[in-house]
Asks: 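Okay, handing you the structure first.
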Amino acid sequence: MFISIVIALYNEEKNVLNLTNRLYHSMDQLKIPFNLIYVIDGNDQTYPFLQQYKKEKKLSNLILSYSATPRGFGPAFTTGFHLISPQATHILTMDGDLNHQPEEIHRLVDEMNSHHPNIVIGSRHVGTEQKYESPLWKKTISALANSVMRVRFKLKVKDKTSGFRLYTREALLSLLDQIRSRNFEYLMEILIRAARKGYTFTEVPITFKQRIHGESKLPLLKTAKGYCRLLFRA
């Protein structure tokens, strides 16, 4: 197994070094070869911080793609997916604001190795011991989107909007040409296209924590419009 980790960052200067340190520590403990791809948008210090970090630590497996002009959530991830290592057998995605815990990557890896699905989803809606911190309005959007998409597309996944996922390389790359979404509905569209190809999913419980630093990048109106477009386009 070789994992390419792809994370989109937009003005996350207060979180990125903590995230990066924890990611490297977690992957070192797993003893799995990997590279880390940050797709960075915005005009704060996120990119300079990471440039300096890479130089000081001499990290050849840290890849940085930067644009001062926001590319959009979907295009940012698509950019990252095209930068994965030729050695990669799997692709891991997660949030860049520490909602997702790097120390729980092993849950997704263990599930992939045990049951061999095409996609493992870190879920806020399975298990009983996990913690789910989020503002009420975000929980409402997630619950509504999950419910509507379950009915519309017959998706049995409980947490369709989670970005904490481990994909097989072949499955994810086979879907990219079909994805048209630009905003947060991008994650949902991946699952819709994957289900239509007959790919398999499993979910594992995760701890989802509310961000401490920075501001949410989830625009309410734009996100709602994106899900509505997906309902009729997909």
Side-chain angles (χ1 to χ4, degrees), residues 1-8 19-37 61 63 77 80-81 83-134 142-143 145-146 149-150 153-176 178-179 186-209:
M1 176 180 280
F2 185 111
I3 298 178
S4 279
I5 303 172
V6 179
I7 299 177
L19 172 63
T20 308
N21 282 324
R22 290 169 61 186
L23 276 168
Y24 271 88
H25 179 71
S26 296
M27 294 305 296
D28 286 345
Q29 286 192 318
L30 286 172
K31 301 187 186 308
I32 295 174
F34 74 102
N35 71 335
L36 174 57
I37 301 161
N61 67 339
I63 311 300
F77 268 104
F81 295 149
L83 295 173
I84 66 169
S85 169
Q87 299 172 271
T89 58
H90 295 80
I91 302 166
L92 178 80
T93 62
M94 59 193 302
D95 291 352
D97 55 9
L98 296 175
N99 285 157
H100 302 142
Q101 309 311 301
E103 295 77 17
E104 294 187 337
I105 292 172
H106 73 91
R107 291 175 178 262
L108 283 69
V109 171
D110 290 347
E111 178 69 13
M112 181 66 74
N113 288 334
S114 297
H115 296 101
H116 309 289
N118 298 111
I119 304 172
V120 179
I121 300 166
S123 176
R124 295 161 289 185
H125 306 312
V126 298
T128 57
E129 81 280 13
Q130 298 311 106
K131 192 174 184 181
Y132 178 14
E133 298 177 359
S134 194
S142 178
N146 275 285
M149 297 300 176
R150 181 178 64 250
F153 298 108
K154 304 298 189 293
L155 282 174
K156 295 181 180 180
V157 175
K158 291 184 177 180
D159 196 347
K160 303 172 191 64
T161 59
S162 172
F164 197 3
R165 299 176 181 174
L166 182 62
Y167 304 87
T168 61
R169 176 197 182 104
E170 293 77 11
L172 182 57
L173 295 190
S174 74
L175 301 171
L176 294 186
Q178 304 171 42
I179 308 298
Y186 182 88
L187 296 171
M188 187 82 73
E189 187 172 359
I190 288 177
L191 296 186
I192 293 168
R193 304 298 180 191
R196 287 177 177 170
K197 278 184 169 285
Y199 290 140
T200 54
F201 313 89
T202 57
E203 295 179 82
V204 296
I206 59 167
T207 302
F208 186 93
K209 293 187 177 181

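The first residue in the sequence is number 1, and the count goes up from there.
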Asks: Does a side chain donor of either Arg124 or Thr161 reach within less than 3.5 Å of an acceptor in the other side chain?
Replies: yes
Asks: Give a yes or no answer on whether the side chain of Lys160 reaches the backbone of Val157 with a donor-acceptor pair at less than 3.5 Å.
Replies: yes
Asks: Taking all atoms of both residues into account, what is the closest heavy-atom pair of Leu191 and Leu155, and its distance?
Replies: O-CD2, 3.8 Å
Asks: Okay, side chain of Ser4, backbone of Ala88: is any donor-acceptor separation there less than 3.5 Å?
Replies: no
Asks: Within the 3.5 Å criterion, strictly below it, is a donor on Gln101 or Arg22 matched to an acceptor on the partner's side chain?
Replies: yes
Asks: Hey, would you say the Phe34 and Tyr24 ring centroids sit under 6.0 Å apart?
Replies: yes
Asks: Do you know which two heavy atoms are closest between Ala194 and Ile119, and how far apart they sit?
Replies: CB-CD1, 3.9 Å
Asks: Treating Arg165 as the side-chain partner and Ile91 as the backbone partner, does any N or O pair qualify as donor plus acceptor under 3.5 Å?
Replies: no
Asks: Can you tell me if Asn35 and Ser85 form a side-chain donor-acceptor pair at under 3.5 Å?
Replies: no
Asks: Once rounded to the nearest 0.5 Å, what's the spacing between atom CG of Asn118 and atom OG1 of Thr200?
Replies: 4.0 Å
Asks: Is there a side chain to side chain contact (heavy atoms under 4.5 Å, CB included) between Ile179 and Ile190? Walk through the geometry before answering.
Replies: CA-CA 7 Å; Ile179 308 298; Ile190 288 177; 4.1 Å; yes
Asks: Kindly say whether Glu203 contributes a backbone atom to a donor-acceptor pair with the side chain of Ser123 at under 3.5 angstrom?
Replies: no
Asks: Considering residues at least two apart in sequence or located in another chain, which fulfil the salt bridge (charged side-chain N to carboxylate O under 4.0 Å, His left out) criterion with Glu170?
Replies: none
Asks: Partners of Ser26 by side chain to side chain donor-acceptor pair (under 3.5 Å), sequence neighbours excluded?
Replies: none
Asks: Does the side chain to side chain contact (heavy atoms under 4.5 Å, CB included) test come out yes or no for Phe2 and Ile32, once each step is laid out?
Replies: CA-CA 6 Å; Phe2 185 111; Ile32 295 174; 6.0 Å; no
Asks: Quick one: pull up CG in Leu108 and CD1 in Ile206 and give me the separation to the nearest 0.5 Å.
Replies: 7.5 Å
Asks: For Tyr167 and Arg169, run side chain to side chain donor-acceptor pair (under 3.5 Å): C-alpha distance rounded to whole Å, both residues' side-chain angles, the deciding distance at 0.1 Å, then the answer.
Replies: CA-CA 6 Å; Tyr167 304 87; Arg169 176 197 182 104; over 6 Å; no
Asks: Testing Asp95, Leu23, Thr20 for side-chain contact (heavy atoms from CB on, under 4.5 Å) with Ile7, which one passes?
Replies: Leu23
Asks: Grab the two heavy atoms, one from Ile121 and one from Ser162, that are nearest each other, plus how far apart they are.
Replies: CG2-CB, 4.0 Å
Asks: In terms of side-chain geometry, is the basic nitrogen of Glu111 or Arg107 positioned less than 4.0 Å from the acidic oxygen of its partner?
Replies: no
Asks: Nearest 0.5 angstrom please: Phe164 CZ to Leu92 CG, how far?
Replies: 6.0 Å
Asks: What distance do Arg193 atom CZ and Leu176 atom CG have between them, rounded to the nearest 0.5 Å?
Replies: 12.0 Å
Asks: Partners of Asn113 by side-chain contact (heavy atoms from CB on, under 4.5 Å), sequence neighbours excluded?
Replies: Met1, Val109
Asks: When you measure from the side chain of Ser174 to the backbone N and O of Ala171, does any donor-acceptor pair fall under 3.5 Å?
Replies: yes
Asks: Scan side-chain atoms only and decide if Thr168 and Tyr199 contain a donor-acceptor pair under the 3.5 Å cut-off.
Replies: no
Asks: Check whether Thr202 reaches the backbone of Pro117 with its side chain - one donor and one acceptor, N or O, closer than 3.5 Å.
Replies: no
Asks: Once you round to the nearest 0.5 Å, how far does NE2 of His90 lie from CD1 of Ile84?
Replies: 11.5 Å
Asks: Just checking, any donor-acceptor pair under 3.5 angstrom between side chains of His100 and Glu104?
Replies: no
Asks: Distance from Met27 atom CE to Ile3 atom CD1, nearest 0.5 Å?
Replies: 4.0 Å
